[in-house]
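In what follows, chains are A, B, ... by sequence order, proteins preceding strands, each numbered from 1.
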There are 2 protein chains.
Amino acid sequence: MGGTRNTVIGRPRGFDTEEALECAMRVFWEQGYEGASLTDLTGAMGITKTSMYAAFGNKEQLFHKALRRYTDGPAGYFDDALDQPTARAVAEALLRGSVRTSTLPEGFAGCLTIQGALPASDENRPAHDALVRFRAEAVARLEQRFRRAADEGDLPGGTDPERLARYVMTLGFGIPVHAATGLGRAELDEIVDQAMACWPGSA
Amino acid sequence: MGGTRNTVIGRPRGFDTEEALECAMRVFWEQGYEGASLTDLTGAMGITKTSMYAAFGNKEQLFHKALRRYTDGPAGYFDDALDQPTARAVAEALLRGSVRTSTLPEGFAGCLTIQGALPASDENRPAHDALVRFRAEAVARLEQRFRRAADEGDLPGGTDPERLARYVMTLGFGIPVHAATGLGRAELDEIVDQAMACWPGSA
DNA sequence: CAACTTCTGTACCGACAGGTACGCTAGTGG
DNA sequence: CCACTAGCGTACCTGTCGGTACAGAAGTTG
């Protein structure tokens, strides 16, 4: 708590931390937590293991920081979606965002929070648990948003907001898997069309 | 091609191949292809590495055999679902089956064909590709089934059968992820209720 | 019982995993 | 220019990975 240091002491870092983290995020995204070796990571980041450990702690902490960067960046559509004025708009923004992020042109498909560490072996338990927590929290926040919508009369009477939220999240989870299976943005957007066509209260 | 050998020559195998494969399948299911080490696998199978290699070839071939056992067993609901008389019944059977298999009481949640190897690092590419192929084929078969349904007048005019199949598969992919995130059978079945409530032509 | 065939257990292989020790280098402050 | 600080590069650590060599054990056939 002694205030921020404004003069740099010692040899300055030879790389951009944020850039390096971005590269690490992509490797985790493509290869998963277990599949991303330190050699893969530091190779993509353009730094040595020593520098990585000095700057980020260890592989697990690097993953957590990459995950935060992911949720603030590519997965930022989720927070934006919750701010939409109506429940229907929230759902559509969420699903369109999921489609977009799952099919970025850079070559890797799917969603880090799903394919990062879906199965749980002993050594990747922390990463796995972090992703489970993140996904569960996302579901909870959408439930809360839809509960608010129900209170505001934004959903037809008799609609269970929690159930609806879980249904929408099911699509939000399925879309990245579809993307990882080879489906393109156009087909995925059609899926969203299909889902939105039978939104409660419409038609 | 010299006919089946009916007399056993040499020392008989000291374990049941099918039982061992069942155990291996569960380890792959829980921990994924990369997360399942030979030590984990052979430990669960109750045999030594040597026996495993003699009986199954190597880790990759063991995975392929475990995958086939999975698709014939726990994922057998898929084939059964396609035999349902109507498109609606096909979809519902498929989703209910996905829920059931994703929430078996034995403790591991989710679906092997999804969490087995969703991300692709270099060394698990074969396993990853096998699962991609399997999922893509599942989508294609459902598309074909719905195309037939459309021809039979089993779907309302104007319904795109391929699109509908991809939509249903999205839910079928999302349900296991939900299960791996902690949702139970009851909540997942509610999601299926929600999805079936707005099936094209109903209500 | 001996010959033959196959499975099993141990002990081991090279490669690579995550992680670290340590001397060197590039800067700042006196 | 010298002390000090912190990042960098190399070389290395232990453990584990998938996979195998080889000798002994357990059966069948003569």
Short heteroatom pairs, N/O only, protein and nucleotides 16-19 of chain D, under 3.5 Å:
residue, atom, partner, partner atom, Å
D/dC17, OP1, B/S37, OG, 3.3
D/dC17, OP2, B/T39, OG1, 3.3
D/dG18, OP1, B/K59, NZ, 2.8
D/dG18, OP2, B/L38, N, 2.6
D/dG19, OP2, B/Y53, OH, 2.6
D/dG19, OP2, B/K59, N, 3.2
D/dG19, O5', B/Y53, OH, 2.9
D/dG19, O6, B/K49, NZ, 2.7

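Ring geometry, B/F15 versus B/F56: the interplanar angle falls from 30° to 60°, so the pair is classed tilted.
Within residues 21-32 of chain B, no residue places a heavy atom under 4.0 Å from DNA chain D.
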Under 3.5 Å, side-chain donor or acceptor atoms of residues 41-48 of chain B against the rest of the protein: list the pairs with distances, not counting sequence neighbours.
residue, atom, partner, partner atom, Å
B/T42, OG1, B/L38, O, 2.7
B/T48, OG1, B/S51, N, 3.3
B/T48, OG1, B/S51, OG, 3.3

Donor-acceptor pairs under 3.5 angstrom involving side-chain atoms of residues 129-142 of chain B: please list them, not counting sequence neighbours.
residue, atom, partner, partner atom, Å
B/R135, NE, A/T181, OG1, 2.8
B/R135, NH1, B/T113, O, 2.8
B/R135, NH2, A/T181, OG1, 3.4
B/R141, NH1, B/D79, OD1, 3.3
B/R141, NH2, B/D79, OD1, 3.3

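Within 3.5 Å, a donor on the side chain of A/R11 pairs with an acceptor on the base of C/dT25, or the reverse. Interface remark: the B/T50 side chain does form a donor-acceptor pair with the C/dT10 base, using a distance-only criterion of under 3.5 Å.
Between A/E106 and A/R26 a salt bridge is recorded (basic side-chain N to carboxylate O distance below 4.0 Å). Contact check on B/R166 versus A/E190 returns a salt bridge, with a Lys/Arg side-chain nitrogen under 4.0 Å from an Asp/Glu carboxylate oxygen.
Not counting sequence neighbours, the partners of B/D193 by the salt bridge (Lys or Arg N to Asp or Glu O under 4.0 Å) test are B/R96. Residues forming a salt bridge (Lys or Arg N to Asp or Glu O under 4.0 Å) with B/R145 (at least two apart in sequence, or on another chain): none.
Using a 4.5 Å heavy-atom cutoff, the side chains of A/K65 and A/R68 are not in contact.
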